[in-house]
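All values reported here derive from a predicted model rather than from experimental measurement. Starting from 1, each residue takes its place in the sequence as its number.
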Amino acid sequence: MDKSPIIRLTFPYDFVLKELVKTFPDYRWNKRYSENTIKTYTGGLHIFFRFMENKDPASISNEDLEKFHRDYIIAHHYSVSFQSQVINAVKLFFHNRQNRKLNPELVYRPKKPRLLPNVLGKEEVKQILEAHKNIKHRAMLSLIYACILR
């Protein structure tokens, strides 16, 4: 695997761009986004524009989004959910504030891995079912296990 150097965001944030991003939460409040989503999206936009070195939003293209994804998100090994949140924030910002669409479908975003549940072994199940002396509790546990309830 290619070991690209990790990029640090040392570029100062442009005041005009910062003010433009500040107006974006109003739209999300009106759409009833949660407070955490608003914070995450705003933070993602700050990271994106600092990575772009305050490039004019009108001149940002899909190639810039792909470069950000490859050279910043993947290089820093950020989680799949963070990756999706930042891409969604950029997509929504350009659709809402710039009245144009970037095509984030061109940026490969892996699906969040689904982990299989831990399954108890036969001996563990037997110990659980036999642990209680009360016949009602044993009957409930047996019913839960037999009906495959969680």
For the [atom1] atom of [X] and the [atom2] atom of [Y], what is their distance to the nearest 0.5 Å?
X: Ser61; Y: Lys67; atom1: OG; atom2: NZ; answer: 11.5 Å
X: Met52; Y: Asp64; atom1: CE; atom2: CG; answer: 4.5 Å
X: Leu45; Y: Thr40; atom1: CG; atom2: OG1; answer: 11.0 Å
X: Gln83; Y: Gln85; atom1: CD; atom2: CD; answer: 11.0 Å
X: Ile60; Y: Leu65; atom1: CD1; atom2: CG; answer: 9.0 Å

Report task. Hey, can you tell me if Tyr78 and His76 have their rings parallel, tilted or perpendicular (30° and 60° cut-offs)? Result -> parallel

Query raised in the report: Do the ring planes of Phe49 and Phe94 sit parallel (below 30°), tilted (30 to 60°) or perpendicular (above 60°)?
Result: tilted

Report summary line: Checking Phe68, Tyr72, Phe93 against Phe48 for ring-ring contact (aromatic ring centres under 6.0 Å, His included), the one that qualifies is Phe68

Report, one line per pair, each donor and acceptor closer than 3.5 Å where one atom sits in a side chain of residues 124-134; sequence neighbours left out.
residue	atom	partner	partner atom	Å
Glu124	OE1	Gly121	N	2.7
Asn134	OD1	Lys136	N	2.8

